[in-house]
Protein chains: 2
Amino acid sequence: MARNTQVPADHNAPAITRILGEFVAQHPSRGWSDAVDHEAHRTFLNWLGCAVGAAKHEAADAAVAAVSELQPAPQATIAGRSERVDMASAALVNGITSHTFDFDDTHLKTIIHPAGPVASALLALAEHKGMGGREVTDALVLGIDVACRLGNLVYPEHYDRGWHITGTTGMLGAAAGCARLLKLDAQQTQMALGIAASQPIGLREQFGTMTKPFHPGAAARAGLMSALLAAKGFTASPRALEAPRGWAQVVSTKCAWNEATDELGQRFEISFNSYKPFACGIVIHPSIDACTQLRAQGVKPEQVERIELKVHSLVLELTGKKEPADGLQGKFSVYHGCAAGLVFGRATEHEYADEIVNRPDMVALRRKVVATVDDRIDEASADVTAVLADGRRVHVFVEHAIGSLQRPMSDADLEAKFSGLSEPVLGAARTRQLIEACWGLGRAADLRALAALCRP
Amino acid sequence: MARNTQVPADHNAPAITRILGEFVAQHPSRGWSDAVDHEAHRTFLNWLGCAVGAAKHEAADAAVAAVSELQPAPQATIAGRSERVDMASAALVNGITSHTFDFDDTHLKTIIHPAGPVASALLALAEHKGMGGREVTDALVLGIDVACRLGNLVYPEHYDRGWHITGTTGMLGAAAGCARLLKLDAQQTQMALGIAASQPIGLREQFGTMTKPFHPGAAARAGLMSALLAAKGFTASPRALEAPRGWAQVVSTKCAWNEATDELGQRFEISFNSYKPFACGIVIHPSIDACTQLRAQGVKPEQVERIELKVHSLVLELTGKKEPADGLQGKFSVYHGCAAGLVFGRATEHEYADEIVNRPDMVALRRKVVATVDDRIDEASADVTAVLADGRRVHVFVEHAIGSLQRPMSDADLEAKFSGLSEPVLGAARTRQLIEACWGLGRAADLRALAALCRP
């Protein structure tokens, strides 16, 4: 049958399924720098905080109610909840919760959120099997590498077409990670990737609904199941990723094959992972950052007469809501963001609660923000001046916001973010233990101890 | 971000998600002709035979081993096996087994195999909930209608692009059917379709591997879970099917919206479902059919000196293997097909066993088949003459093979096919009971009795 003529088939694609299968199976444990390995811990910590933080969200309630219908034997933990479910369902739910607040990690080259699919699958599998933290850490690096490399291969055409790239590459990352954890050989790993290739999950049309976070959850589950199937001898096309009717050519008009293999085993995509400090769109981050710096310099809200904000036009276009009525609208208000930065020194999910957005002092302060457009200022920057009652002017220019690749969040920043998410669910003491357990992931003898800490 | 310019977005698509949601929720029970309802029984019977027949295939072994890792509570039956698993896993495995032999039903307009995704999900859900056969029958008709209408909407461009359309529409059919069975309201059903829309499963590159039958299985599981999620309040885009970044426009360059709604509630796509009498490619069917007719007319293999076969060139191009070495090669040999028709009067999976293909009398007989190309004969036809030792010539011309829409298999034919698949697994007596239970589906008080009959 004739193929769509607008999309000519490529019959000469390299055997990247095989190559990646070999790579994931055979690359030595910890075959990368300390910085890469440390990044894995950061990724894990950040991801888990997101999962714990959203554990009582209505999307989590609905998903748990659905999987509880399956009446499974308890195998794996849903982070932040007391229920234990089968590991596939745990992967699903943790993948959902970790993306619910749009607060998880981002591979900026592709806007993939890689930990949701990969870590969710790995924790569930490792807990059930009583696996060690070293193996989990290895699998996390490799799984994320596969997902993000394949993302580079198809981005941006694939995303532009309408696919939610986190879920359409995530099942491949989760399959790769779980295959590694199960110690599958190269050929079995190739099969795991092949089985996963048939299950891309996610349409951008779903943004704004619970099905958006469902995508990484379902990708985690699909990847885990693909690895289990491959371990049991289930077969798939060995060219499932690159064949003319395989994953890449079916889901994308761009297929930059070299992205799968360039510097493989040398450059790790997890190195380019980033973490959001603020629970809102990235475009407001420089403005919030600037206001937290004003606060750190001693500027107090009650002293402020006016905040002069100069930003790129895109900022006001996307987040110019002057009078947000609730928390969700607050996420689209650079005015509220500035007020939160100045009052709280942060803008986590808590600062986007309805009652915070509507608090009289917050309303009053955000009305003092005077925003003007200046397109000489980059989208990633912000120029902020606090004009105080005594006439003083305190100026801050943020070139790159905290959380960017240029100014990454520190470990302490990440701990603070984690605490903000976890403490309301697990309490301060347990949260502290869990942070330590995350930092010690690579040394953990058995993931069950860490998983147990996730249950209230 | 710029959309792929080769695929212009359609911002004016009708609200088919809502329309289908309402339709599935509100169309009256049994709101169709007796013929439609009877077709549902045929569909169910045919599907179940396929599932039972492949229950011991290695693909089934592998899938069961994988889902047994989940250690679920027993909720639902895997047809033809004694294990009971959670209902999502049962939907998966029954979807896999029912497509393993490529012997299941076909909606010829789209080459969708609709029962695999839809019936697999329904039986699992209905068994667990102890639902009645009337409800299941309704859900089967409606679920298949949704899957096949949406298939019509995107076929053939979607299939040409490389998608395995059974799994990329099947999750929508399964979601619709399960939503119906769960008595979801229109809005919830719309959400179930929306959640399912994010999970198209299947690449044509997988053909020839276990992942091909995995597609309907995974679609069954995805649809079932989508309905369970929707029942618990999980949300999706209400325009997940038709929006510019929704299912149809992302997976297809053809979007014939009218196919979703034309004669909705009047024309049922299950009416156009067909069933394969022979376990091989459709192009050999007329030749096999002709030879079974020769046998019915009293021609015995030992009398035959020569079989003169005239067929369209495509037949020999696709299935011209003169000396097949095993059962799989036998499926690409019109010569073996003719021999099987004459010796056994059928060509089920049994007649494609290695030992049958290599039996000396079969080898001898297939060598007596002299095939010639005649392109005046349609692909769907065959002209066969048996030349006997006594000089007699017995001629049969098959215009449309048995199993085509023009000459559908009779109920007795379907029973015989079912028996051939089921008896080696469940025995003759149980097979007879199961056939009766299938015919009585619409009257069954509780699906658990039928499910119990599926366990050896």
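Chain identifiers are assigned alphabetically (A, B, ...) following the order of the sequence lines, protein sequences preceding nucleic acid strands; residue numbering begins at 1 within each chain.
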### Query
Does any donor atom in the side chain of A:Thr166 or A:His99 lie under 3.5 Å from an acceptor atom in the other side chain?
no
### Task
For B:Thr106, check side-chain hydrogen bond (donor to acceptor under 3.5 Å, both in side chains) against everything at least two apart and list the hits.
B:His113
### Heavy-atom pair count under 4.5 Å with chain A, highest-scoring of B:Ile201, B:Thr211, B:Ile195
B:Thr211
### Query
Taking every heavy-atom pair that is under 4.5 Å apart, which of A:Lys254, A:Gln199, A:His164 has the most such pairs with chain B?
A:Gln199
### Query
What residue in B:Thr235, B:Val251, B:Thr168 has the most heavy-atom pairs under 4.5 Å with chain A?
B:Thr235
### Query
Does a donor on one side chain sit under 3.5 Å from an acceptor on the other, for B:Glu157 and B:Ser252?
no
### Pick from A:Gly194, A:Ala218, A:Pro200 with the largest number of heavy-atom pairs that fall under 4.5 Å of chain B
A:Pro200
#### Entry: Region of A:His215 that comes under 4.5 Å of a non-hydrogen atom in chain B
side chain
### Task
Could you grab the distance from atom CZ of B:Phe207 to atom NZ of B:Lys212, nearest 0.5 Å is fine?
5.0 Å
### Query
Given the options A:Ser226, A:Gly208, A:Gly246, A:Ala227, which has more heavy-atom pairs under 4.5 Å with chain B than any of the others?
A:Gly246
### Task
Return yes if a side-chain donor-acceptor contact under 3.5 Å exists between B:Gln206 and A:Ser198, otherwise no.
yes
### Task
Using non-hydrogen atoms and a 4.5 Å limit, figure out which bit of A:Ala230 sits close to chain B: side chain, backbone, both or neither.
neither
